[in-house]
Amino acid sequence: MDIIILTFFTAFFVVLLSTPALIKVAILKRLFDEPGDERKLHKRMVPTIGGIIIFAGTLFSFALWFPSDKVDLNSLRGSVSDFKYLVATVLILFFVGVKDDIIGTAPIKKLVAHVIVGMILVQMAQIKLTSLHGIFGITQLPEWGCVFVSLFTYIVVVNAFNLIDGVDGLAAGIGVISSLAFATWFYIAGDLVMAALAVALAGSLVSFLIFNFNPAKIFMGDSGSLSIGLIICILAIKMVQCDSISAMVPSPLAYVSKPIFAMCVLVYPLVDTLRIFIYRTVRGISPFSADRNHLHHLLIDGGCSHKQTVLIIYCFNIFMITLCILLRNLDPTWAFSIIGATAIILAQIPQFVKKRYLKKKA
């Protein structure tokens with residue numbers, strides 16, 4: 001527990017003490033996100049390079065307190081290998097994000113970077129999904145299925161975090177909830193390395209929220225959202241694949257379907273991304289075009305403040321995680337169907353809120 005606490009607070013204070021200086025540098029160098037686009041909710045210039053300090057705080061804290069003396073030799077070899085590929089892949093997306101924050105990056109180049117990162121993790125690091133643990137009766141995936149599903153998961157989750165970074169404190173707050181959920185699971189399951197990674201990210205994000213919650217003094221930018229998305233995705237896949245220590249998980253969590261738990265932890269980014277892609281495709285618009293039809297935009301257009309919007313979404317995410325635990329004794333397919341239906345139904349509420357608000361306003 002001491003390692004976990006030290007990792008969290010080291011990341012927390014690195015970000016807390018460094019962010020004010022980063023804001024000053026951004027102001028001096030005019031590294032702003034300027035208002036003017038109808039999608040943008042802020043009315044003033046805000047620095048966009050907060051991802052730099054999230055990236056630095058997380059990796060510094062994780063490396064400093066890496067629990068090498070807390071694991072056996074065989075596990076240590078695997079953990080060092082994971083750390084090596086984690087740093088390599090996060091660096092790729094971090095620099096892609098920094099470039100996009102400062103001068104912009106073509107979508108095709110970002111997609112190429114995602115594919116490269118995904119292939120490194122799937123083929124070299126062997127961090128990939130090999131089973132659906134009984135959902136729709138599917139257990140083991142064939143090798144081609146492992147590669148396809150894992151690569152698809154990386155691209156979707158990383159981009160999902162990038163897409164929800166549209167309201168002050170939203171992506172950072174969802175990142176905190178997700179990383180703490182995974183940290184809790186890994187800690188009680190005995191995987192201190194992944195627990196330390198998760199709390200390092202959580203510590204950085206909790207501290208960053210002090211500056212990013214409405215009214216935001218700094219945005220995380222693509223350098224932050226892409227890095228967070230990748231780390232969260234790695235944590236999710238490592239949890240789903242964590243069969244060797246399943247016997248150590250307490251009984252209330254032992255029967256929880258790990259793929260479903262991971263999906264519930266990531267429910268808001270996944271549901272919002274799925275919804276917006278379907279919405280745009282049905283209307284003949286490019287799925288990659290930007291608009292104001294995300295769920296958080298609908299809530300704000302429905303009369304909710306920035307703070308109310310993010311708090312509603314936080315509660316939604318926590319509710320879905322709780323529902324997953326409550327349904328732990330159900331067959332995985334039934335649990336997935338109930339949770340999926342619940343998420344889809346709840347995702348329709350912002351549209352009704354917006355319509356009702358506009359009707360009253362008219």
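All values reported here derive from a predicted model rather than from experimental measurement.
- Between Val256 and Cys324, the closest heavy-atom pair is CG1-SG, 3.7 Å.
- A pairwise comparison of heavy atoms in Asp100 and Thr105 identifies OD1-N, 2.8 Å as the closest pair.
- Under the 4.5 Å side-chain criterion, counting only non-hydrogen atoms from C-beta, Asp222 is in contact with Asn162.
- Under a 3.5 Å cut-off, the side chain of Lys99 and the backbone N or O of Gly104 do form a donor-acceptor pair.
- Shown here are the side chain to side chain contact (heavy atoms under 4.5 Å, CB included) partners of Ser178, two or more places apart in sequence or in another chain: Phe161, Ile174, Ile232, Val265, Leu266.
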List the steps, then state whether side-chain contact (heavy atoms from CB on, under 4.5 Å) holds for Asp165 with Met220.
CA-CA 8 Å; Asp165 186 27; Met220 67 171 62; 3.4 Å; yes
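- Judged by the 6.0 Å and 45° rule, Arg356 forms no cation-pi pair with Phe352.
- A donor-acceptor pair under 3.5 Å is absent between the side-chain atoms of Ser257 and the main chain of Pro332, judged by distance alone.
- Among all heavy-atom pairs drawn from Val96 and Ala113, the shortest one is CG2-CB, 3.7 Å.
- Interatomic distance, CZ of Phe62 versus CH2 of Trp65, reported as 14.0 Å (0.5 Å rounding).
- Counted by atom type alone, Thr48 and Asp101 present zero donor-acceptor pairs between their side chains at under 3.5 Å.
- In this structure, the side chains of Tyr314 and Tyr268 stay at 4.5 Å or more apart for every pair of heavy atoms.
- Atoms CG and CD, from Asn293 and Gln351 in turn, are 7.5 Å apart once rounded to the nearest 0.5 Å.
- Ser305 and Gln308 make their closest contact through N-OE1, 2.9 Å (heavy atoms, listed as atom of the first residue, atom of the second, distance).
- Ring planes of Phe94 and Phe55: parallel class, angle under 30° (limits at 30 and 60°).
- Remark: side-chain polar atoms of Ser61 are not paired, donor with acceptor, to backbone N or O of Thr58 under 3.5 angstrom.
- No continuous path of ILVMFWY side-chain contacts below 4.5 Å connects Leu28 to Val46, so the two sit in separate hydrophobic clusters.
- Leu326 places a side-chain heavy atom less than 4.5 Å from the side chain of Thr322.
- Residues Phe8 and Val206 form a side-chain contact, since some pair of their non-hydrogen atoms from C-beta on lies under 4.5 Å apart.
- The CD1 atom of Ile52 sits 11.5 Å away from atom OG of Ser18, with the distance rounded to the nearest 0.5 Å.
- Hydrophobic clustering (ILVMFWY, side-chain heavy atoms < 4.5 Å, transitive): Ile164 and Ile344 are in distinct clusters.
- Residues Ile278 and Leu274 have side chains in contact (heavy-atom distance under 4.5 Å, counting atoms from C-beta outward).
- Arg280 places no side-chain N or O within donor-acceptor distance of the main-chain N or O of Phe277, the cut-off being under 3.5 Å.
- Within a 6.0 Å radius of CZ in Phe9, no more than 12 heavy atoms belonging to other residues, nucleotides or ligands are found.
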Run the side-chain contact (heavy atoms from CB on, under 4.5 Å) test on Ile260 and Ile135 for me, step by step, so that the C-alpha distance in whole Å, both residues' side-chain angles and the decisive distance to 0.1 Å come before the verdict.
CA-CA 9 Å; Ile260 296 175; Ile135 299 177; 3.7 Å; yes
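- By the side chain to side chain contact (heavy atoms under 4.5 Å, CB included) test, Lys128 is found to be paired with Val122, Gln126, Thr130, Glu143, Cys146, Ser150, residues two or more places apart in sequence or in another chain being considered.
- No donor-acceptor distance shorter than 3.5 angstrom exists from the side chain of Ser223 to the backbone of Gly97, with no hydrogens or angles considered.
- Between His296 and His294, the two ring planes are parallel [angle under 30°; tilted spans 30° to 60°].
- At a threshold of 4.5 Å between non-hydrogen side-chain atoms, the residues Val199 and Phe12 do not count as touching.
- Judged purely by distance below 3.5 Å, without hydrogens or angles, the side chains of Ser131 and Thr139 never pair a donor atom with an acceptor atom.
- Linking Ile, Leu, Val, Met, Phe, Trp and Tyr whenever their side-chain heavy atoms come within less than 4.5 Å puts Phe136 and Leu129 in one cluster.
- Hydrophobic clustering (ILVMFWY, side-chain heavy atoms < 4.5 Å, transitive): Trp334 and Val267 are in distinct clusters.
- With a 4.5 Å cut-off on side-chain heavy atoms, Phe261 and Ile321 count as touching.
- Of all heavy-atom pairs spanning Phe319 and Leu346, the tightest one is CE2-CD1, 4.0 Å.
- The closest donor-acceptor contact from the side chain of Asn214 to the backbone of Gly169 lies at 3.5 Å or more, if one exists at all.
- With His114 as the fixed residue, the side chain to side chain contact (heavy atoms under 4.5 Å, CB included) test singles out one of Ile92, Val156, Leu151, Leu226: Leu226.
- A distance of 12.5 Å separates OH of Tyr279 from CG of Asp272, quoted to the nearest 0.5 Å.
- Side-chain N or O atoms of Asp168 include none that pairs as donor or acceptor with a backbone N or O of Pro215 at under 3.5 Å.
- Linking Ile, Leu, Val, Met, Phe, Trp and Tyr whenever their side-chain heavy atoms come within less than 4.5 Å leaves Ile27 and Val25 in two separate clusters.
- You'll find the side chain of Ile210 reaches within 4.5 Å of the side chain of Leu16, heavy atoms only.
- Under the 3.5 Å distance criterion, the side-chain polar atoms of Asn159 are matched with a main-chain donor or acceptor of Ile155.
- With respect to Lys238 and Asp82, a salt bridge is recorded, a charged nitrogen being found less than 4.0 Å from a carboxylate O.
- Residues Leu235 and Phe186 share a closest heavy-atom pair of O-CZ, 3.4 Å.
- Taken from CG in Asp191 to CG in Leu197, the straight-line distance is 10.0 Å, to the nearest 0.5 Å.
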From CA spacing to verdict: side-chain contact (heavy atoms from CB on, under 4.5 Å), Lys217, Asn212:
CA-CA 6 Å; Lys217 299 179 181 68; Asn212 184 238; over 6 Å; no
Hey, mind stepping through Leu121 and Ile237 against side-chain contact (heavy atoms from CB on, under 4.5 Å) and telling me if it holds?
CA-CA 11 Å; Leu121 291 170; Ile237 292 179; over 6 Å; no
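- The CD1 atom of Ile312 lies 11.5 Å from the CG atom of Leu295; values are rounded to the nearest 0.5 Å.
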